[in-house]
Structures are given as structure tokens and as C-alpha cells.
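Convention: sequence-line order gives letters A, B, ...; per-chain numbering from 1.
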Amino acid sequence: MTTTLKTTLTVSALALSAVAAHAEGGPTLATVMERGVLNCPGDIGSYLGFAEVDDQGNWKGLDIELCRAMATAIFGDPTKSNIVPIDWAQRWPALQSGDIDIVIKASGGTFTRDTELGLQFSNSYYLGTTKVMAPLALGLTTLADAAGGSICVPAATSIERQVASYLDAKGIEMEIVAIENNEEVQEAYFSGRCDTFAQWGPTLAIAASQSEDPSAHALLPDVLAVEPEVMITRQGDDNWVDIANWTLSVLLYAEQEGISSANVDDIRANPPTAEIGKLLGVNPGMGTPLGLADDWAYNVIKQVGNYSEIFERSLGTGSPYGMPRDLTALWNAGGVLYPYVID
Amino acid sequence: MHAPALWHSRRFRAALIQTAFAATLVLVVAFATLTAQRNLSEMGLTSGFAFLWKSTGWEMNFTLLPTDSTSPYWWFLLMGLMNTLFMGAIGLTGATALGLAVGLMRSGRNPAARLLGTIYIEIFRNIPLIVQLFFWYALANALPPPREAITFGGALISSRGIYLPTLALSQGATAAVVLALVAGTALALWFALSRRFRRLEQPARRRLTLAPLLLALLAAALIVVTGHAPGTPWLSNPVAEGLRINGGLRLQPEVYTLAIAITTFGAAYVGEIVRGGFKAVGRGQTEAAQALGLSPWQQFSRIRMPLAFRAMLPILINQYVWLIKATTLGIAVGFSEFFMVIASSINHSGQTLEFIAILMGGFLAINLTLAAVLNRLNRAIALKGHQTGGAA
């Protein structure tokens with residue numbers, strides 16, 4: 001297992017560096033630079049924790065932070081990101097037509113999206129599990145106990161399919177109530193239309209924490225599916241995927257090496273290793289192969305922060321939701337995330 | 001160069017222009033389709049309609065025929081279309097009946113009834129339909145859970161729906177009974193009202209009208225008797241068991257709230273159309289009827305109503321087409337009508353252009369058919385060489 005992982009890592013790193021050595025900025029990067037601003041999708045309304053609007057009308061959340069990190073990598077300035085409000089059904093047409101440059105919208109990498117919709121994925125930046133919430137008063141221990149009851153699901157999402165196939169596989173008979181809008185489907189559950197509510201884990205935790213009585217609801221142990229969330233680009237622009245991947249890798253690498261927005265200037269003044277020197281633009285070579293400035297990674301860490309900082313202010317201790325990292329922690333902290341090797 | 005004589009024929013020129021116009025239209029559509037196809041394949045997108053035979057992998061909350069997650073897309077689309085027609089049929093019938101009552105109240109002489117009608121119309125016409133729909137849905141969800149359901153003369157009322165006692169029949173047998181009764185009533189109405197049979201003598205015509213009704217009742221009774229499993233009770237009563245309610249006829253909240261919303265909203269508009277129709281009947285007609293010594297009921301049913309109906313019909317057609325399109329709000333409360341099935345399909349399969357084309361084609365077909373049928377009715381009942389009353 002370790003050997004396989006190592007080999008995979010080495011091969012991927014080799015392959016990526018080979019491509020990057022020849023790349024000189026692809027068409028998407030050229031378009032974005034000419035426009036002077038990076039267009040990312042927001043949400044119609046708020047998708048709490050990932051793309052939400054605060055009371056001053058500013059966008060925040062994990063997906064928004066990643067967009068700001070990419071804008072900083074390209075322009076050296078997080079405010080050069082422009083959030084376009086887009087609903088779930090509109091993400092692919094909006095990406096293909098060029099209204100947005102990249103989809104960072106809690107979207108999973110699926111076979112159909114990869115092969116039939118002409119899309120390409122970055123590495124996973126978040127691992128979400130699909131779970132089911134139920135009122136404690138019903139006394140359910142697993143979803144099978146809810147047989148004969150009803151389950152609210154967000155319509156037209158992969159969750160709708162996951163619920164249908166999980167119920168089929170387990171032979172549980174339930175009435176599926178699919179409603180399109182996030183707020184409406186949540187309201188249907190809390191007002192008692194459904195006995196249970198299937199959603200993406202983080203959304204459920206956030207919904208419960210925002211409800212009238214958070215202690216009255218609990219997540220059932222059933223895990224319906226795991227969905228790796230990825231940044232998604234149009235197919236055929238390798239340089240653009242590289243920029244997305246290396247922005248993510250820099251965020252994770254900085255966390256792994258203990259570099260944060262607070263200490264990045266000190267470390268840059270006196271880099272402990274040649275790799276960190278290259279990362280922060282002290283030694284050249286970090287930017288040119290991607291078509292970016294050499295100090296792009298420094299700008300990202302300085303102005304946006306490392307992955308941990310982003311996570312904590314969007315979903316973790318610095319947010320109203322206080323969610324743990326779980327699977328989304330680094331490999332050395334019990335999670336599954338890792339940066340590529342900077343050499 | 002001499003212009004050929006043909007060029008001077010007006011009819012030839014008109015035909016030429018029309019042909020050129022049609023050809024341009026065809027070319028533009030063909031060009032757009034080809035360009036779209038080329039661009040899609042350049043972006044690596046799969047286009048075409050092969051996906052219609054793939055299974056969907058999700059489920060519909062309400063269908064008239066059995067459907068599950070292994071059914072193909074074309075079946076889901078068909079079920080969605082049937083749901084739209086089903087909701088349209090309920091909504092249009094309800095809106096017409098209620099609207100007629102409200103319209104009559106508003107055009108009558110009783111001040112209390114007039115006030116009531118006015119209040120109804122001002123409330124339901126001035127609040128957006130989607131707000132009313134959310135109101136009804138929130139109300140339905142606020143009903144008690146199944147275990148604490150309200151019992152009302154054998155019926156159970158809960159947040160899972162309203163459960164009515166019903167005959168113990170399979171789904172297919174129930175559908176057959178409903179179909180037989182509807183077909184019988186439709187035939188009877190046709191025999192009773194169509195001008196095609198006006199030459200028949202009155203007793204013969206009455207017999208012709210009653211025959212399909214009796215036949216339908218007989219058929220329904222036969223289906224009930226044969227479809228009923230021997231040794232089981234005749235009535236199926238709803239009973240709460242665990243998280244659900246078993247037995248009985250279930251009215252789902254998603255279905256009945258949308259039906260209520262469309263009915264009450266549509267009735268406000270139909271009510272005004274009805275009032276307008278009666279206003280359009282000339283005073284002279286009523287006075288002539290009075291002079292002939294007709295009773296008030298005869299004046300209403302023989303003179304004012306038929307004339308008003310002719311004035312209403314063209315506007316009603318417009319309103320009906322509008323109401324059918326309003327069923328698309330079902331997506332807001334999770335009633336899987338045609339639009340919701342299309343929206344879900346787009347997200348699951350990614351075939352945006354194809355599904356939008358199917359959506360437009362579907363609604364065009366429904367509304368053109370509805371308009372064509374009602375226009376035919378309009379022509380059939382129009383008085384030859386008459387304006388309908390008007391400002392006489």
C-alpha cells in the first residue's frame with residue numbers, strides 16, 4: 001500500500017513536472033489575465049460553510065477561499081476574484097460557455113462528468129460523506145429502523161442517487177421526498193414532512209447547528225457515500241489544471257511545513273531548506289513553468305493563508321459551525337489530504 | 001435581360017417570398033444545430049439522444065404508473081408529462097368550478113356575496129402564486145406526525161398526507177374504474193350537448209345520453225367486484241403503523257398543496273373572466289327575456305349564461321394555457337412534474353440542450369393541443385353572424 005502510494009506519487013509528480021516544464025500559460029490563464037479578474041461560482045442564496053454571503057454582502061466559505069487563493073496565485077491579489085451567483089444546474093453550462101473560469105462548488109468528481117461532460121478535475125480538496133439526520137425522539141439506531149418512513153433529499157443532486165441506491169441495496173422501503181432548494185428541503189425536514197433528512201455531512205452538521213434545538217437531532221451511523229470534492233475545469237487546458245492543483249498543493253504544503261500567513265515573512269527572510277526557498281520565490285523556478293510570477297506561492301500564503309487557516313475560518317473553530325477536520329486533515333494528522341512534492 | 005412575365009404575377013411573387021422565408025428559417029435552424037453539435041464535440045461533450053435509454057438511478061415521488069430507479073429517462077419524462085397533465089386537469093377543473101362560483105357571486109345582486117367575491121379575488125389575485133404555494137405547503141407540513149394524526153370520520157390527517165378510507169382495490173383496478181367513469185361521463189356529455197345529434201327526437205336523445213352513463217356505472221361495478229380479493233374487507237381504512245400510515249387512499253402533501261394553490265389562484269382570474277362575460281351580455285337581451293315572461297332561472301340558464309359563455313371562452317383559453325404552465329412551480333415543493341423531471345435529468349446526465357429542447361417541445365405540444373381543442377369548441381358554439389351581445 002505504502003509502496004503503491006509512493007510510486008503513484010512519484011509518477012504523478014514526474015508526469016506533472018514534465019508537463020509543467022513545457023507549459024507556458026494556457027488559453028484559460030491568458031483569458032483570465034487579459035480580463036484582470038478570475039470568475040468563480042457562488043451560490044443562489046447561501047451554501048453555508050462553502051459559499052455564503054455575510055451581512056456586509058461579502059462572499060466567504062471554503063470554496064470562496066480557494067477561488068481567492070487562485071486569484072492571488074495569478075494576480076497577487078485576492079480581491080481579483082469575482083464570485084458569480086450560480087445554481088447547481090447552471091455550473092456546467094456556465095463553465096463551458098466561459099461565464100466562469102473554474103467550478104469550485106462542492107462538486108464531486110464523477111465518471112459521467114469526467115467522460116461525457118468534457119470536464120477535468122484537480123485533486124480532491126475536501127472529502128464529504130453523505131449522511132442521514134433524524135430526530136432523537138424517533139429513537140432510530142440505523143436508517144433501516146426508519147423503514148416505511150420518509151426521507152427528504154435535495155433534488156437533482158448526486159445525493160438523490162446515492163439515497164436511491166443505498167435504499168435499494170439495503171432493501172429499505174422509504175418514501176423519497178426530493179425538493180430542489182436547499183432552504184426548502186431543510187425546512188421540510190424541520191417542519192416534520194420527513195422523518196429523516198439525507199444530505200452531504202457538512203451541510204447536515206451546519207443545518208443542525210442552526211436549527212431551533214440542535215440537541216434534538218442526531219446523525220445516523222450510515223454512510224451512504226463518500227464524495228471527493230474537486231476543482232473542475234474545461235477539458236484540454238493542462239496548464240489551467242496545473243495551476244489549480246499546485247495552488248491546492250501549496251496550501252497543503254504550507255500547512256505541512258508549518259508556514260502560515262503570520263510567519264511566512266520570517267521564513268522567507270531565512271528559508272530553512274532550498275525547497276522552501278523556491279516555494280516562497282527566494283530562489284527562482286516556482287512561477288515560470290506555470291506562466292505565473294515566481295513569488296505566487298508566497299502571495300497565496302501571505303494573503304490567504306495555508307489550508308488549515310482557510311478551513312478553520314470557513315468551517316472549523318473560527319466559524320459558527322465548529323466542525324472537526326476528520327478525513328479532511330493532513331495525512332500526518334489522521335486525514336487523507338497530502339501535498340505533491342516541491343522539488 | 002428581360003424580366004420573365006412570371007415575375008409580374010403577384011401570386012408568384014408572394015409564393016417566392018414565402019418559400020425564401022421558409023428556406024432561410026430552415027437554414028438558420030440547421031446551421032445553429034450543426035454549429036452547436038460541432039462546438040459540443042470540440043468541448044468533449046456527448047450530444048444526441050442515446051441517453052434516453054439509460055436508467056436514471058433516482059426516484060420520482062409521485063407517478064401514475066409504476067416507476068423505479070432502474071427505469072430509463074424516456075419513461076421518467078413520460079411520467080413527468082403525465083403528472084403535468086394530471087395536475088393541469090385537476091387545476092383547470094377546480095379553477096373553473098370555483099372561478100364560476102366567485103364570478104357569479106361578484107356579478108349577482110346580493111351585496112354580501114358581492115363583498116365576499118371581491119375579497120376572495122383581491123386576496124388570491126394579488127399574492128404571487130409561489131408565495132401562496134409555500135403557504136399551503138408550510139400549512140400541510142405543520143399538521144401532526146402520523147402517530148398523532150387527526151382522525152376525521154375515518155380519514156387520517158397528518159403531515160405525511162391526508163388518508164381517506166377507500167374501496168379495497170389494486171392500483172390498476174382503481175385506474176380502470178376512474179377511466180370507465182370519466183369515459184362514460186364524457187360520452188354522455190357529448191351526446192347531450194353536441195349539435196351533431198340535434199336532429200334526434202328528445203326521448204331518443206335522452207336514451208342515447210343515459211346509455212353510456214349506465215354502461216360506465218355497470219363496468220365500474222363489475223371491476224370493483226372482480227378486482228376485490230375474496231375474503232378481505234370491502235373497505236380499506238387508513239391505520240397508523242410505526243412511522244407510516246397504511247391503507248386508505250393517500251393524498252400526498254406535494255400533490256394536494258399544488259392543486260389547491262393552482263385552483264385558488266386560477267379561480268381568482270377565472271372569476272374576473274366570468275364577471276366580464278356577464279357584463280358583455282347586452283341589457284337588451286335580459287330585458288327581452290323579462291318581456292317574454294321568462295323566470296329568473298330561465299333568464300339565467302337560457303339567455304345570459306349561454307351568451308356570457310361565448311364571450312368568456314377566448315379569454316379562458318388564454319388563462320388555461322397560462323395555468324398549465326404554472327404547474328412547473330411543482331419543483332418548489334417537490335411535485336415531480338415535467339419541468340422538475342427535466343431539471344433533475346439535466347443535472348444527472350448533463351445533456352442540457354437536449355433536455356431543454358424536449359421541455360420546450362413538450363409544453364408546446366400540450367398548450368397547442370389545448371388551444372386547438374378549445375378553439376374548435378369556440379368555433380362550434382359561436383353564433384353565426386353575431387357579436388356576443390356587446391354594447392347593444
Within this structure, what is the [atom1]-[atom2] distance for the pair [X] and [Y], rounded to the nearest 0.5 Å?
{"X": "T112(A)", "Y": "K54(B)", "atom1": "OG1", "atom2": "NZ", "value": "6.0 Å"}
{"X": "L117(A)", "Y": "Q351(B)", "atom1": "CG", "atom2": "CD", "value": "7.5 Å"}
{"X": "D195(A)", "Y": "S159(B)", "atom1": "CG", "atom2": "OG", "value": "8.0 Å"}
{"X": "Y137(B)", "Y": "S191(A)", "atom1": "OH", "atom2": "OG", "value": "7.0 Å"}
{"X": "S349(B)", "Y": "E116(A)", "atom1": "OG", "atom2": "CD", "value": "8.5 Å"}
{"X": "W58(B)", "Y": "R161(A)", "atom1": "CH2", "atom2": "CZ", "value": "8.5 Å"}

Of the backbone (N, CA, C, O) and the side chain (C-beta and beyond), which part of E184(A) lies under 4.5 Å from a heavy atom of chain B, both, or neither?
side chain
Considering only heavy atoms, which portion of [X] lies under 4.5 Å from any heavy atom of chain A: side chain, backbone, both, or neither?
{"X": "S336(B)", "value": "neither"}
{"X": "A332(B)", "value": "backbone"}
{"X": "T56(B)", "value": "backbone"}
{"X": "M60(B)", "value": "neither"}
{"X": "F134(B)", "value": "side chain"}

Going by atom types alone, do N347(B) and T157(A) pair a side-chain donor with an acceptor below 3.5 Å?
no
Quick check for you: among S345(B), S158(B), G334(B), which has the greatest number of heavy-atom pairs under 4.5 Å with chain A?
G334(B)
Identify which of A138(B), A343(B), P253(B) forms the greatest number of heavy-atom pairs closer than 4.5 Å to chain A.
P253(B)
Counting only heavy atoms not in E183(A), do more than 12 sit closer than 6.0 Å to its CD atom?
yes
Looking only at C152(A), A164(A), G236(A), A147(A), the option with the highest number of non-hydrogen pairs under 4.5 Å against chain B is A164(A)
What option among R234(A), R113(A), E175(A), Q90(A) has the most heavy-atom pairs under 4.5 Å with chain B?
E175(A)
Using a 4.5 Å heavy-atom cutoff, which residues in residues 125-142 of chain A come close to chain B?
L138(A)
Neighbourhood of chain B inside residues 93-102 of chain A, taking heavy atoms under 4.5 Å as contact
P93(A), Q96(A)
Closest approach of [X] to [Y] (non-hydrogen atoms, all atoms of both residues):
{"X": "R160(B)", "Y": "G192(A)", "result": "NH2-O, 2.7 Å"}
{"X": "I176(A)", "Y": "N61(B)", "result": "O-ND2, 2.9 Å"}
{"X": "A178(A)", "Y": "M340(B)", "result": "O-CE, 3.1 Å"}

For residues D168(A) and S69(B), determine if any side-chain heavy atom of one lies less than 4.5 Å from a side-chain heavy atom of the other.
yes
With sequence neighbours left out, the residues meeting side-chain contact (heavy atoms from CB on, under 4.5 Å) with E148(B) are P144(B), P145(B)
For chain A, which residues from residues 149-156 of chain B have at least one heavy atom closer than 4.5 Å to it?
none
